[in-house]
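A quick write-up on the structure given underneath.
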Amino acid sequence: MPELPEVETIRAQLDPLVAGRSIVSASSHPSAKFTPAIEAHGAQIEQVRRRGKYLLLDLDDQRELIVHLGMTGVLSVPEQAGDSPYVRAQWELDDGRWLVFNDVRRFGRIRVVPAGDYASITTLRDLGPEPSDAAFTAQHLHRALNKSSRRLKTQLLSQRPVAGLGNIYADEALWLAQVRPTARSISKPAAARLRDACIEVIESAISNGGTTLRDYRNAEGGSGNNQFYLRCYGRAGEPCERCTTPLRSMVVDARTTTWCPTCQKR
DNA sequence: CGCAGCGCCTGAAGGC
DNA sequence: TGCCTTCAGGCGCTGC
């Protein structure tokens with residue numbers, strides 16, 4: 001579930017706790033998804049950045065420690081080593097604290113790569129602009145979406161037209177822009193609305209500390225508040241806030257998708 | 001190169 | 001009560 005707003009919330013909490021700290025030991029679950037965590041042993045963390053849903057920890061030896069939280073990943077910086085059965089990696093820091101990665105469902109991933117070299121992480125390599133980036137214009141989104149005839153919802157989830165939207169915020173942005181998720185092309189005015197909606201939905205979710213529906217916790221173990229402000233996701237059968245038509249849902253590319261059949265036009 | 005399809009995971013919730 | 005099935009879904013990989 002962690003999408004851009006949740007990952008950004010974690011990034012902001014993590015950075016002051018780990019920046020400047022050296023990694024004095026590292027361990028991981030045996031799965032190849034997590035064993036690269038050990039490669040960061042001995043390096044110093046300079047800062048914590050984010051691209052889309054990826055956390056990028058700059059190391060002082062021209063490498064980056066990259067963490068993707070998957071569905072249920074949680075990072076925290078406790079004063080003792082993690083003891084949950086779901087600890088998938090942990091790094092001991094030189095101030096005695098630990099950077100701990102918990103992930104019940106093991107959908108997360110950890111990698112260490114040369115700084116800026118994302119060739120082996122294709123989703124990150126091909127990631128679209130951040131919603132907040134000046135390059136994320138209506139024209140960009142219009143062109144990017146019309147390059148393919150896949151459904152608009154599917155394209156948003158691909159991370160290529162824009163970075164960081166998952167199932168929750170894709171449904172929210174499409175609802176706000178009044179765009180039909182199953183459409184396979186988009187007009188210029190609709191692309192302009194969708195661009196604005198992506199920014200609005202992501203920025204307000206960051207302000208609300210992210211959305212906690214089941215598993216999401218921030219780096220301090222707290223919940224977000226944005227679940228109280230969702231207007232579409234998870235509300236199938238409830239009246240649309242704009243037009244009172246009951247929201248409908250269907251599975252689009254293996255993901256539950258909710259939309260208003262009246263005011264989200266093709 | 002684009003993309004459809006599949007596998008990875010396990011706790012929670014629902015059905016009987 | 002307890003067993004079984006279904007569901008949640010981001011992304012990497014395979015093969016057409």
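Residue numbering restarts at 1 for every chain, and letters A, B, ... go by the order of the sequence lines. Computed from a predicted model, the values in this text were never measured in an experiment. All heavy atoms count here, side chains included; hydrogens, waters and symmetry mates do not.
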[X] side chain, from C-beta outward: closest of [options]:
{"X": "A:Tyr233", "options": "C:dG10, C:dG9, C:dG12", "value": "C:dG9"}
{"X": "A:Ser31", "options": "C:dA8, B:dC9, C:dG10", "value": "B:dC9"}
{"X": "A:Val104", "options": "B:dG11, C:dG12, C:dA8", "value": "B:dG11"}
{"X": "A:Arg150", "options": "B:dC9, B:dA4, C:dC11", "value": "B:dA4"}
{"X": "A:Arg160", "options": "B:dG11, B:dC3, B:dG2", "value": "B:dG2"}

Under-4.0 Å side-chain N/O to phosphate OP1/OP2 contact, [X] with [N]:
{"X": "A:Tyr54", "N": "C:dG12", "result": "yes"}
{"X": "A:Ser148", "N": "B:dC3", "result": "yes"}
{"X": "A:Gln159", "N": "C:dC11", "result": "yes"}
{"X": "A:Lys33", "N": "B:dC9", "result": "yes"}

Could you tell me if [Y] and [X] have a donor-acceptor pair between their side chains, going purely by distance under 3.5 Å?
{"X": "A:Ser185", "Y": "A:Asn146", "result": "no"}
{"X": "A:Thr123", "Y": "A:Tyr118", "result": "no"}
{"X": "A:Ser31", "Y": "A:Arg88", "result": "no"}

Write down the distance between [atom1] ([X]) and [atom2] ([N]), rounded to a whole number of angstrom.
{"X": "A:Glu3", "N": "C:dC11", "atom1": "CD", "atom2": "C1'", "result": "13 Å"}
{"X": "A:Asp253", "N": "B:dG7", "atom1": "CG", "atom2": "C1'", "result": "16 Å"}
{"X": "A:Phe107", "N": "B:dT10", "atom1": "CZ", "atom2": "C1'", "result": "9 Å"}
{"X": "A:Ile168", "N": "C:dG10", "atom1": "CD1", "atom2": "C1'", "result": "12 Å"}
{"X": "A:Arg109", "N": "C:dG12", "atom1": "CZ", "atom2": "C1'", "result": "5 Å"}
{"X": "A:Arg106", "N": "B:dT10", "atom1": "CZ", "atom2": "P", "result": "4 Å"}
{"X": "A:His68", "N": "C:dC13", "atom1": "NE2", "atom2": "C1'", "result": "15 Å"}
{"X": "A:Asp171", "N": "C:dG10", "atom1": "CG", "atom2": "C1'", "result": "15 Å"}

task = Could you check A:Thr154 against A:Arg105 and say which one's nearest nucleotide on DNA chain B is further toward the 5' end?
result = A:Thr154
inquiry  = Check for me whether A:Arg235 meets the cation-pi criterion with A:Trp175, that is, NZ or CZ under 6.0 Å from the six-membered ring centre and within 45 degrees of the ring axis.
reply    = no
key: Side chain A:Arg255 and base C:dA8 donor-acceptor under 3.5 Å   = no
message = Mind checking if A:Thr72 touches a base, just sugar-phosphate, or nothing, with heavy atoms under 4.0 Å?
response = nothing
request  = Would you indicate what A:Phe34 reaches in the nucleic acid, counting non-hydrogen atoms under 4.0 angstrom: base, sugar-phosphate, or nothing?
outcome  = nothing
hydrophobic_cluster_shared for A:Met71 and A:Tyr216, side chain cutoff 4.5 Å = no
query = Any side-chain heavy-atom pair from A:Lys53 and A:His68 closer than 4.5 angstrom?
reply =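 A side-chain contact under 4.5 Å exists here.
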